[in-house]
Amino acid sequence: MTSATPETDETRYDFRALEERWLPVWRETQPFRSGAEGDERPTKYVLDMFPYPSGDLHMGHAEAYALGDVIARYWAQRGFNVLHPIGWDSFGLPAENAAITRGLDPRGWTEDNIAQQRSSMERYACSFDWDRVLATHRPDYYRWNQWLFTRLHERGLAYRKHSNVNWCPKDQTVLANEQVVGGLCERCDTPVTKKKLNQWYFKVTDFADRLLDDLDGLQDTWPSKVIAMQRNWIGRSQGADVTFVIEGRDQPVDIYTTRPDTLYGATFMVVAADSDLAAELASTADAAVQAEFEAYAERVKTESDIDRLSTERDKTGVFLGRYAVNPVNGERLPIWASDYVLADYGHGAIMAVPAHDQRDLDFARAMDLPVRAVLDCRDEHGDRLPEPAESGIATTGDGTLINSGDLDGLDKTAAIAAIVARLEADGVGRASTNYRLRDWLISRQRYWGTPIPIVHCDACGEVRVPDDQLPVELPAAEGLDLKPKGQSPLAAATDWVTTTCPSCGGTATRDTDTMDTFVDSSWYFLRYLSPGKTDGPFDPADAKRWAPVDQYVGGVTHAILHLLYARFFTKALHDMGMIDFEEPFSALLNQGMVQMDGSAMSKSRGNLVRLSEQLDEFGVDAIRLTMAFAGPPEDDIDWADVSPAGSAKFLARAWRLARDVASAPDSDPAAGDAALRAVTHRTVADCAGLVEGFRFNVVVARVMELVNATRKVIDSGAGPADPAVREAAEAVAIVLSLFSPYCAEDMWSMLGHENVAHAGWPAVDESLLVEETVTCVVQVKGKVRDRLEVPPGIGEDELREAALGSAAVQRALDGAAIRTVIVRAPKLVNIVPA
RNA sequence: GCCCCGAUAGCCCAACUGGCAGAGGCAAACGGCUCAAACCCGUUCCAGUGUGGGUUCGAAUCCCACUCGGGGCACCA
């Protein structure tokens with residue numbers, strides 16, 4: 001019999017029909033609106049990283065939102081008042097590029113994409129609270145970026161300085177250190193160069209110690225990988241500052257070193273070629289040196305980072321004709337300028353100890369400078385390591401001091417303590433800490449971002465735009481040339497730029513830079529809490545109720561930038577008294593990426609799997625289930641390895657259970673098949689812990705087992721009328737609602753109920769979890785020789801006797817004497833013969 | 001170069017963190033249903049846990065050394 005109208009066939013699983021049936025219902029009922037003011041349930045804040053509105057959703061979104069949804073829906077089933085919001089990180093280059101290449105208005109383009117993505121998310125059954133959506137490009141959001149900038153500026157945490165910044169020649173904009181990957185622009189892979197510009201910064205370095213130390217508290221709830229990456233990035237090092245007198249200069253110069261114990265081994269000093277100090281020292285040298293230095297400095301400036309990074313590179317530098325004096329022994333050290341010393345780390349100057357630092361040794365050999373060992377270093381056999389001057393290999397390990405005056409004989413730790421104490425006593429040095437972390441460069445010379453709320457006035461200087469004049473709205477894009485040209489497009493909006501000074505009322509100009517979009521995402525999780533608030537970024541009372549985020553879900557791509565900045569904002573807001581916590585995300589789950597045939601999917605590679613096509617072919621439920629079932633969430637998924645068809649097949653099997661149930665909704669399961677009931681309750685009990693441990697793939701496997709067990713009972717025994725079958729089918733529907741909501745809702749409906757999302761996690765009857773007998777494995781010398789069915793509460797002695805009484809064991813022992821018997825009641829006995 | 005993480009069946013993955021290597025799925029083979037195919041249903045096949053040592057009554061699990069793969073940092077003094 002072939003049906004002519006399959007869409008009306010209620011006896012077959014048809015994912016298209018289910019999606020059409022339930023999506024309108026959910027649109028109506030909004031099951032995931034978070035609880036109102038008087039809601040007594042405990043709260044849970046589950047947050048997915050918000051997307052850039054790039055158009056439609058892709059496979060990466062599908063994985064992230066499927067996994068975040070499992071967590072949010074689980075806590076809702078557990079009776080929590082769950083906040084699970086979504087929004088759009090909608091400022092940034094793609095909208096601007098669409099405007100440039102296709103003449104589209106960035107606002108309209110962005111809003112269109114948001115509308116499309118939102119409808120895709122709804123179809124994808126994301127359990128978002130649609131009452132709290134935000135988009136960072138809208139003035140009612142970025143107004144608070146400006147407000148927060150102002151607060152930071154008041155505290156000296158936002159400041160402007162001239163400095164050499166990372167510059168992308170293609171995008172024609174500056175980049176934060178975090179946006180330079182291997183010397184290339186993160187966005188377009190163009191080699192990054194340096195440019196001296198006046199730019200806005202946030203003073204992240206003030207928080208370096210807290211950002212580092214507070215990671216300890218996240219040890220158990222954040223991936224260790226992310227913690228390691230953050231530690232690496234902050235890069236704290238302990239050492240000492242040492243003051244060197246410069247001959248012919250009034251001011252002495254401080255250097256930073258992690259090895260003050262090697263101070264006697266310093267044979268020259270190196271200053272960063274691009275530092276002010278180098279330029280100043282060169283300026284009083286003779287003409288030939290000046291010329292040489294200027295040529296060198298010019299070359300260093302235009303050098304891209306990618307050149308600097310090549311490790312094989314020979315050392316270069318210029319002798320400045322000046323000398324520094326070693327404070328511990330009065331030795332004269334020639335001062336060189338080189339690009340291997342960085343201007344913005346430490347003091348931009350170092351003492352060079354070529355015997356015990358490889359870089360210094362390479363430089364010394366290139367320039368024919370002296371090398372003096374001050375440590376007696378030994379290998380593991382106690383043999384003295386070869387002289388660095390001859391071997392070309394610096395001895396960077398520990399050793400006993402030599403050639404170091406009265407410090408000779410001390411080991412590294414003792415020497416460091418002794419030297420630092422002496423330097424401090426003499427006023428020429430002190431213990432010091434340095435960081436790899438730099439302040440956060442936030443200015444961008446682009447249109448599509450938050451205008452910096454500062455007015456430049458000839459009379460008053462840098463003036464903050466008063467709060468009551470915020471937001472400083474972006475001028476219309478129409479008529480502006482958005483093409484990158486090194487200066488912000490906003491500068492051309494003459495009417496907008498020209499303004500009155502808030503302080504003196506005279507004519508002034510607006511700052512024309514816009515903020516890095518990472519500013520937007522540094523505090524958005526707080527805006528969700530008070531979406532409509534017009535007199536502040538968020539309500540402290542709402543923050544007290546919901547924040548911090550209990551569970552954050554997103555890609556490891558943001559392991560450094562976004563998370564570090566959000567942590568910085570949180571600490572700054574804490575210090576302003578606006579919130580009472582210091583870490584924004586109590587727990588973090590990083591999902592992996594979706595790949596195809598072992599590599600990232602891309603149009604150019606031609607291995608792009610389109611989410612929309614997958615959804616059309618297998619349905620939302622099957623795709624979501626596939627994402628969860630593929631493996632541990634943090635692992636990458638190779639789409640070639642997984643089977644959405646298999647997922648769909650399983651969902652059909654599950655759905656048929658509910659279709660086949662023949663008992664009444666109020667039937668008493670106690671009368672049902674005891675074995676099935678045990679499986680049901682065991683599964684439900686285990687799945688809770690598995691979900692909380694993010695073991696989603698195992699949860700799905702356990703539900704598959706339950707489905708298989710239930711089908712067996714339907715096909716035999718009391719059949720579809722067995723109330724244990726109903727109990728099992730209901731449990732399947734509820735657990736499945738975390739993964740495949742359409743199928744679960746339809747099952748729930750066939751079972752005579754409504755709204756599976758809030759059905760509540762099934763109660764577990766503990767008495768059903770107690771097994772009547774346990775299989776005890778009996779080993780002889782570690783090999784399994786027999787199995788015994790024993791009661792779970794069996795005593796050790798009794799079990800030992802039973803095991804020794806086994807015929808198979810006696811055979812294996814073959815009359816040998818027994819040395820020990822290890823009893824792990826009730827599951828194992830191991831008999832060790834003499 | 002330094003620091004993390006991983007390696008179990010043809011493939012994706014489990015194994016109560018030291019106690020029977022297999023829960024689940026994909027693929028394959030065979031059978032049933034069918035005029036036939038697909039769907040569906042059933043059955044079966046498949047590894048001794050990357051390599052080498054060690055600890056232990058007992059190791060996929062702990063320790064050491066390697067190999068391979070993935071990631072982070074990298075002229076940061």
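All of these numbers come straight from a predicted model, not from anything done at the bench. Note on naming: letters A, B, ... go to the chains in the order of the sequence lines (proteins, then strands), and numbering restarts at 1 for each one. Hydrogens, waters and symmetry mates are skipped; everything else that's a heavy atom, side chains included, is used.
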Quiz prompt | B:rU17 versus B:rU67 - spacing of their C1' atoms, nearest Å | solution = 26 Å
Quiz item: Between atom CE in A:Met596 and atom C1' in B:rC11, what is the gap in whole Å?
Solution: 14 Å
Exercise. Using side chain to side chain contact (heavy atoms under 4.5 Å, CB included) as the criterion, list what pairs up with A:Ala675, not counting sequence neighbours.
Key: A:Asp673
Quiz prompt | Touch class at under 4.0 angstrom, heavy-atom based, for A:Arg682 against every strand present | solution = nothing
Quiz item: Does any N or O donor sit under 3.5 Å from an N or O acceptor when you compare the side chain of A:Lys649 with the base of B:rC39?
Solution: no
Quiz item: Heavy atoms under 4.0 Å, any strand shown: does A:Arg695 hit a base, just sugar-phosphate, or nothing?
Solution: sugar-phosphate
Self-check item: Complementary nucleotide for B:rA29 - Watson-Crick or wobble, under 3.5 Å
Solution: B:rU43
Quiz prompt | Closest to side chain of A:Trp233, choosing from B:rC11, B:rC41, B:rC73 | solution = B:rC73
Self-check item: Between C1' of B:rA74 and CG of A:Asp357, the distance in whole Å
Solution: 14 Å
Quiz item: Among B:rG42, B:rC57, B:rG25, which nucleotide sits nearest the side chain of A:Arg653?
Solution: B:rG42
Self-check item: B:rU17, syn or anti by chi within 90 degrees of zero
Solution: syn
Self-check item: Distance, P atom - from B:rA7 to B:rU61, rounded to whole angstrom
Solution: 11 Å
Quiz item: Closest nucleotide of RNA chain B for A:Thr257 versus for A:Asn830: which of these residues is on the 5' side?
Solution: A:Asn830
Exercise. For A:Asp686 and B:rC16, give me the distance from atom CG to atom C1', rounded to whole Å.
Key: 9 Å
Exercise. Considering only atom C1', compute the distance from B:rU56 to B:rC64 and round it to an integer number of Å.
Key: 16 Å
Practice problem: For nucleotides B:rC13 and B:rA60, find the distance between their C1' atoms and express it as a whole number of Å. | Solution: 14 Å
Quiz prompt | Distance-only donor-acceptor test, A:Asn232 side-chain atoms vs B:rC73 base atoms, 3.5 Å | solution = no
Exercise. In whole angstrom, give the distance that lies between atom CD1 of A:Ile227 and atom C1' of B:rC5.
Key: 14 Å
Exercise. Considering only atom P, compute the distance from B:rC2 to B:rA9 and round it to an integer number of Å.
Key: 31 Å
Quiz item: Between the side chain of A:Ser806 and the main-chain N/O of A:Val809, is any donor-acceptor distance below 3.5 Å?
Solution: yes
Exercise. Would you kindly compare A:Ala630 and A:Tyr435 by the position of their nearest RNA chain B nucleotide and give the one closer to the 5′ end?
Key: A:Ala630
Exercise. For A:Asp261 and A:Arg259, run salt bridge (charged side-chain N to carboxylate O under 4.0 Å, His left out): C-alpha distance rounded to whole Å, both residues' side-chain angles, the deciding distance at 0.1 Å, then the answer.
Key: CA-CA 5 Å; A:Asp261 55 318; A:Arg259 294 298 300 273; 3.0 Å; yes
Quiz item: Within the structure shown, what part of the strands sits under 4.0 Å from A:Thr820 by heavy-atom distance: base, sugar-phosphate, or nothing?
Solution: nothing
Quiz prompt | Among B:rC57, B:rG42, B:rA77, the one nearest A:Arg824 by side-chain distance | solution = B:rC57
Quiz item: Do the charged groups of A:Arg800 and A:Asp797 touch, with an N to O distance under 4.0 Å?
Solution: yes
Exercise. Check whether any side-chain nitrogen or oxygen of A:Asn697 sits under 4.0 Å from OP1 or OP2 of B:rA23, and answer yes or no.
Key: no
Practice problem: Please work out if A:Pro632 contacts a base, only the sugar-phosphate, or nothing of the nucleic acid, heavy-atom cut-off 4.0 Å. | Solution: sugar-phosphate
Practice problem: Return yes if a side-chain donor-acceptor contact under 3.5 Å exists between A:Arg436 and A:Asn232, otherwise no. | Solution: no
Quiz item: Within the structure, does a side-chain N or O atom of A:Tyr345 lie under 4.0 Å from either OP1 or OP2 of B:rA77?
Solution: yes
Quiz item: For A:Ile831 and B:rG58, what is the distance between atoms CD1 and P respectively, to the nearest whole Å?
Solution: 15 Å
Quiz item: When all nucleic acid strands are considered with a 4.0 Å heavy-atom cut-off, which category describes A:Ser338: base, sugar-phosphate, or nothing?
Solution: nothing
Quiz item: What nucleic acid atoms does A:Phe629 come within less than 4.0 Å of, heavy atoms only: base, sugar-phosphate, or nothing?
Solution: base
Quiz item: Is any side-chain N or O of A:Arg656 closer than 4.0 Å to OP1 or OP2 of B:rC40?
Solution: no
Quiz prompt | Between B:rC13 (P) and A:Leu690 (CG): distance, integer Å | solution = 17 Å
Quiz item: Please give, in whole Å, the distance from B:rA74 P to A:Tyr340 OH?
Solution: 19 Å
Quiz item: On a whole-Å scale, what distance lies between the P atoms belonging to B:rG31 and B:rG19?
Solution: 42 Å
Quiz item: B:rG31: syn or anti, with syn meaning chi within 90° of zero?
Solution: anti
Self-check item: Gap between atoms CG and C1', on A:Leu828 and B:rA59 respectively (whole Å)
Solution: 14 Å
Quiz item: Looking across every strand, which nucleic acid part, if any, lies under 4.0 Å from A:Val777 by heavy atom: base, sugar-phosphate, or nothing?
Solution: base
Exercise. Give the ring-plane orientation class for A:Phe363 versus A:Trp336, where under 30° counts as parallel, over 60° as perpendicular and anything between as tilted.
Key: perpendicular
Practice problem: Report the nucleotide, chosen from B:rC57, B:rA14, B:rC26, that has the shortest atom-to-atom distance to any side-chain atom of A:Ser643. | Solution: B:rC26
Exercise. Please state the C1' separation for the pair B:rA59 and B:rG69 - nearest whole angstrom.
Key: 24 Å
Exercise. Just compare B:rC12, B:rG25, B:rG19 and give me whichever is closest to any side-chain atom of A:Asn708.
Key: B:rG25
Quiz item: A:Glu705 has a side chain; which of B:rA23, B:rA77, B:rG71 sits nearest to it?
Solution: B:rA23
Quiz item: Which nucleotide, in any strand shown, forms a Watson-Crick or G-U wobble pair with B:rU67, with both distances under 3.5 Å?
Solution: B:rA7
Quiz item: Which residues pass the salt bridge (Lys or Arg N to Asp or Glu O under 4.0 Å) test with A:Asp220, sequence neighbours left out?
Solution: none
Self-check item: Rounded P spacing from B:rA65 to B:rC5 in Å
Solution: 14 Å
Quiz item: With both distances under 3.5 Å as the test, what is the Watson-Crick or G-U wobble partner of B:rG1?
Solution: B:rC73
Quiz item: A:Gln779 near the nucleic acid: base, sugar-phosphate alone, or nothing, with a heavy-atom cut-off under 4.0 Å?
Solution: base
Quiz prompt | Modelled atom types, side-chain donor and acceptor of A:Thr316 and A:Tyr296, under 3.5 Å | solution = yes
Quiz item: How about A:Ser237 and A:Thr258: does a side-chain donor come under 3.5 Å of a side-chain acceptor?
Solution: no
Quiz item: With both distances under 3.5 Å as the test, what is the Watson-Crick or G-U wobble partner of B:rC57?
Solution: B:rG19
